[in-house]
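First comes the structure, then the notes that go with it.
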Amino acid sequence: MSISIGSDLADLYTKSAYDSKSTDAANKLTSSLSNLDGASDEEMLEACKDFEAYFVEKLLKMMHDSVKSDEEEDNAYLLQFGDMRYEEYAKQIADSGELGIAQQLYEAMKKN
């Protein structure tokens with residue numbers, strides 16, 4: 001006996017799980033940035049890199065959503081784990097320091 005759920009229900013579940021994960025990540029980032037009083041330079045720089053990674057991840061996802069194809073909607077793997085790909089890309093971009101957003105934010109925070 002197999003049980004299947006309608007695609008509308010599956011889409012709703014996926015969207016709510018994504019929204020929940022996104023909200024959790026934003027809350028974690030806000031908490032880490034607001035608790036930097038007396039933090040070491042390494043902790044401040046790490047928080048700045050986390051912010052840059054979050055920012056880049058959102059940009060990558062928005063760019064992806066603007067050019068979605070029908071093929072991706074049929075791919076169960078991409079529906080379930082596709083966001084993890086952008087999360088990892090964003091971490092790698094932030095760690096490389098190529099954009100420099102984290103460094104600029106760190107220098108501005110250090111001045112204050």
Side-chain angles (χ1 to χ4, degrees):
M1 178 178 173
S2 69
I3 299 174
S4 65
I5 57 175
S7 63
D8 292 340
L9 186 56
D11 291 344
L12 180 62
Y13 172 76
T14 303
K15 182 178 178 356
S16 67
Y18 169 75
D19 291 344
S20 174
K21 182 181 177 192
S22 181
T23 302
D24 291 344
N27 289 339
K28 180 181 173 188
L29 180 61
T30 301
S31 174
S32 70
L33 288 174
S34 65
N35 293 328
L36 290 176
D37 292 335
S40 69
D41 288 347
E42 293 83 24
E43 291 171 331
M44 281 181 25
L45 185 57
E46 190 61 34
C48 292
K49 284 183 180 181
D50 288 345
F51 172 77
E52 182 177 355
Y54 180 78
F55 178 72
V56 170
E57 180 184 351
K58 290 296 180 189
L59 285 175
L60 291 172
K61 287 178 182 176
M62 288 183 350
M63 290 187 312
H64 174 263
D65 289 346
S66 70
V67 293
K68 248 184 195 173
S69 68
D70 292 335
E71 179 181 310
E72 289 180 358
E73 291 177 10
D74 295 336
N75 188 333
Y77 172 78
L78 286 176
L79 285 174
Q80 190 69 26
F81 300 107
D83 289 338
M84 293 172 71
R85 173 180 50 173
Y86 295 116
E87 186 178 338
E88 188 59 35
Y89 288 160
K91 285 179 187 176
Q92 290 177 6
I93 290 169
D95 287 341
S96 75
E98 292 288 322
L99 292 178
I101 296 171
Q103 186 65 35
Q104 289 180 355
L105 181 59
Y106 168 75
E107 290 170 6
M109 291 171 67
K110 195 164 175 145
K111 285 181 185 178
N112 292 333

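Glu43 contributes a side-chain N or O that, together with a main-chain N or O of Ser40, makes up a donor-acceptor pair within less than 3.5 Å.
Looking at heavy atoms from C-beta onward, Leu45 lies in side-chain contact with Lys49 at the 4.5 angstrom threshold. Side-chain atoms of Glu52 and Leu105, non-hydrogen and from C-beta on, never get closer than 4.5 Å to each other.
Each of Gln103, Gln104, Lys110 was evaluated against Glu107; a single residue qualifies, Gln103, per the side-chain hydrogen bond (donor to acceptor under 3.5 Å, both in side chains) test.
Of all non-hydrogen atoms in Ala90 and Ala53, the two that sit nearest each other are CB-O, 3.1 Å.
Within the model, atoms OH of Tyr106 and NZ of Lys111 stand 12.5 Å from one another, a figure rounded to the nearest 0.5 Å. Summarising the geometry, atom CZ belonging to Phe55 is positioned 10.5 Å from atom CG belonging to Leu60; distances are rounded to the nearest 0.5 Å. Rounding to the nearest 0.5 Å gives a distance of 10.5 Å between CD of Glu57 and CE of Met84.
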Task: side-chain contact (heavy atoms from CB on, under 4.5 Å) evaluation trace for Arg85 with Tyr89 - done: CA-CA 6 Å; Arg85 173 180 50 173; Tyr89 288 160; 3.5 Å; yes
Task: Check against side-chain contact (heavy atoms from CB on, under 4.5 Å), Asp83 and Lys61 - done: CA-CA 8 Å; Asp83 289 338; Lys61 287 178 182 176; 3.8 Å; yes
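Of the charged side-chain nitrogens involved, at least one lies within less than 4.0 Å of a carboxylate oxygen, so that Lys91 and Glu87 count as a salt-bridged pair.
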